[in-house]
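The structure under discussion appears below in the form of structure tokens.
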Amino acid sequence: MDKFEALREYFGYTEFRDGQEELIDAILAGQDVLGVMPTGAGKSLCYQIPALIQDGLALVVSPLISLMKDQVGALQQAGVGAAFINSSLSAWEQERALREAAEGRYKLLYVAPERLGAEGFLRLAKTVKLSLVAIDEAHCISHWGHDFRPSYLKIAGFIASLNQRPPIAAFTATATGRVREDISRCLQLRNPLTLVTGFNRPNLKLAVQRPVKKSDELLRYLRGHPGQSGIIYCATRKTTEDVCTRLCKAGLNATRYHAGLSEQERRSNQDDFLYDRATVMVATNAFGMGIDKSNVSFVLHYNMPKNLEAYYQEAGRAGRDGEPADCIIYYSASDVHTARFLVEKSGEESEESDPAAREARIANDLELLKQMTFYCTTSDCLRSFILRYFGERAPAFCGSCGNCLTAFEELDITIDAQKIVSCVIRVVNSLRDTSLDSLGQATICDILRGKATEKVTRWRMEQLSTFGIMADTDAQRIRQIMDYLVDEGYLALTAGRYPALLAGPRAADVVRDRKPLTLKLPKDIRPPRPEKPSGRSGRGEGRSGVGGSTAPLTADEEILFEKLREERRRLADAAEVPAYVIFTNASLREMSQARPTKLEAFLDISGVGANKAERYGERFCKLIAEHLQQCAGGS
Ligand code: ADP
Ligand code: MG
């Protein structure tokens, strides 16, 4: 079997993505490799395919139990013999895995780094033929990385103890030169092929927002994305708890994850998220390494993260299936203080005995934090900012990030502010003899714009002198200026469910003293029209990495999609694996659009390999055929 056959047969893909082929070829030729590719780019395949093609057993060192479990589950679904050994197994299960590995029943064996020193394991490693040793999340070996794991330092000793040294393949998404050098040096890689692919993930929509009230903005966002799976990262355990509680109270299906929870609760919450029993995960940065869930549609940062490496890795957990996904930071200036505090505290608590080394690390962390702050406050292209940070050349305008879709302009709002505040004062005065204090933002906006709505005429507001004085100003712009005036105390809002607008404590500055005011406001530009896909959608991901079908489903396709999803849910429950391990959303989407009713056509769907086609093809084809029949009968 060659690499192309393996790609088709086991994974159901037709093309390699950027970098995969080169890395696979090098490993097959016996060379060490260091693959630096962004999260979601497809690093696993780079060692899985050589493992499948070659004789012997591939060892995969991986930092997290959940990661191993998922990857092994996915491999088994694809028809590959694979197992893991870690502390979640009983002694007896570990024995069995070792024995079966020795018998040649597996192509891949996943192990935690701690395992490398265990006697039984060493015996196995010295007796079976190893096809390669792969180190996933290899940045864990570096002190300069953000996930340093002391046990990763054992890997080199383990490799040196082997009778025969197989090729070593290390993978990471962390791109800084320092981390890369550490990996090469600590693992004692020999003349490795170091391959750094582009870090661009075109399907990720990056944005930074400064919500006036983060919790309200978050609810608004989640209500606008019902049923979609996503992660909300918070800076501290406390914020994580607060946000999760609030979301649950609001009726959202959220769960939480942070280091303060028992291991059992962490595991069960994580599983709820992976298995789609909970749609939203609220977590600290303790969550997510090795989470390969492919249908994460958004990653929101409730607080600014501590550096761009961590940020891009966390954000990169969105949209692995190639579907469009949002990566939004809710920035506020106070986040910078919190982040700095956390860095300094980590300095005090660290076990580094050498004060000079500690100083150097803190200085390094503060510098990284500064870059992160620049990202949050720039009004330039965010994609370009990140790519350049990782040392890549990038055009200054991507046309799809939050900043590219927004041009900012500094506006003189002195006159507008006077109009709005005096209108509010007149409304309040004219309502004096009624039961109302004032009217809400929307109605005041109507009055300013000269709209004689039912509510406006009911209170005779069309007779005010301020009626229609902003007739040619866009309602959204008026609302933006109102928000600013409220924030700054020129206006105030009453408490309660339907807040009404009142003059604020500083109202006189505007109406009496005519204080000049300016406001930097986003100038809306329409997003550029997406390019027409050439040929069939869902294919042609090209060399630039993740793509996938983004053509929206028609109403009818949506119905079919739901039926397929329902079926996937049943199968996943029966197999006790997360749904995306059976088929990704991208695959289901493509099925809903291409509607294959024969196995042959079903195999053409991206993500459907021979094994899955054999296992599930008939059921899905039947469902699709039934759906087509119903449609034909119905019309
Ligand atoms: P990484 O480890 O780099 O973050 P993964 O190995 O988890 O990424 O892969 C991310 C997703 O991309 C997975 O769903 C995987 O099946 C998919 N993928 C990998 N290679 C290809 C390919 N050549 N064509 C299509 N999809 C791919
Ligand atoms: Mg990975």
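Sequential numbering from 1 along the given sequence is applied to the chain's residues. Counting starts at 1 for both ligands and their atoms, following the listed order.
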### Query
At under 4.0 Å between heavy atoms, which part of Y13 makes contact with ligand 1: side chain, backbone, both or neither?
side chain
## Note on the structure
Hits for ring pair (Phe, Tyr, Trp, His ring centres under 6.0 Å) against F158, two or more places apart or cross-chain, chain-then-number order -> F121
### T584 to ligand 1, any heavy atom closer than 4.0 Å
no
### For atom 19 (C) of ligand 1, the option (of Q20, E137, Q313, R317) bearing the nearest heavy atom
Q20
### Summary
In ligand 1, the atoms that come under 4.0 Å of a heavy atom of E15 are 22 (C), 23 (N), 24 (N)
## Note on the structure
Numbered in order shown, the ligand 1 atoms found under 4.0 Å of a heavy atom of T39 are 4 (O)
### Query
In terms of atom number and element, which parts of ligand 1 are under 4.0 angstrom from non-hydrogen atoms of R320?
1 (P), 4 (O), 5 (P), 7 (O), 8 (O), 11 (C)
### Query
Is a side-chain donor or acceptor of D276 paired with a backbone partner of P578 at a separation under 3.5 angstrom?
no
### Query
Are Y257 and F273 an aromatic pair by the rule of ring centers under 6.0 Å?
no
#### Entry: Interfacing atoms of ligand 1 (cut-off 4.0 Å, heavy-atom, S44)
2 (O), 5 (P), 6 (O), 7 (O)
### Message
In this structure, is the centre-to-centre distance between the rings of F390 and Y312 below 6.0 Å?
### Response
yes
Could you tabulate the donor-acceptor pairs under 3.5 Å formed by side-chain atoms of residues 569-577, not counting sequence neighbours?
unit_1, atom_1, unit_2, atom_2, d
R569, NH1, Y275, O, 3.4
R569, NH2, Y275, O, 3.4
R569, NH2, D573, OD1, 3.0
R570, NE, E567, OE1, 3.4
R570, NH2, E567, OE1, 2.6

### Message
Could you check whether Y221 and F298 have their ring centres less than 6.0 Å apart?
### Response
yes
### Task
Check whether any heavy atom of M37 sits under 4.0 Å from an atom of ligand 1.
no
### Query
For ligand 1, is P38 a contact, meaning one of its heavy atoms is under 4.0 Å away?
yes
### Task
Could you tell me whether some N/O pair between G40 and ligand 1 is separated by less than 3.5 angstrom?
yes
### Summary
d(L588 CG, R565 CZ) to nearest 0.5 Å is 8.5 Å
### Task
Report the member of E21, R17, Q71, K43 with the shortest heavy-atom distance to atom 12 (O) of ligand 1.
R17
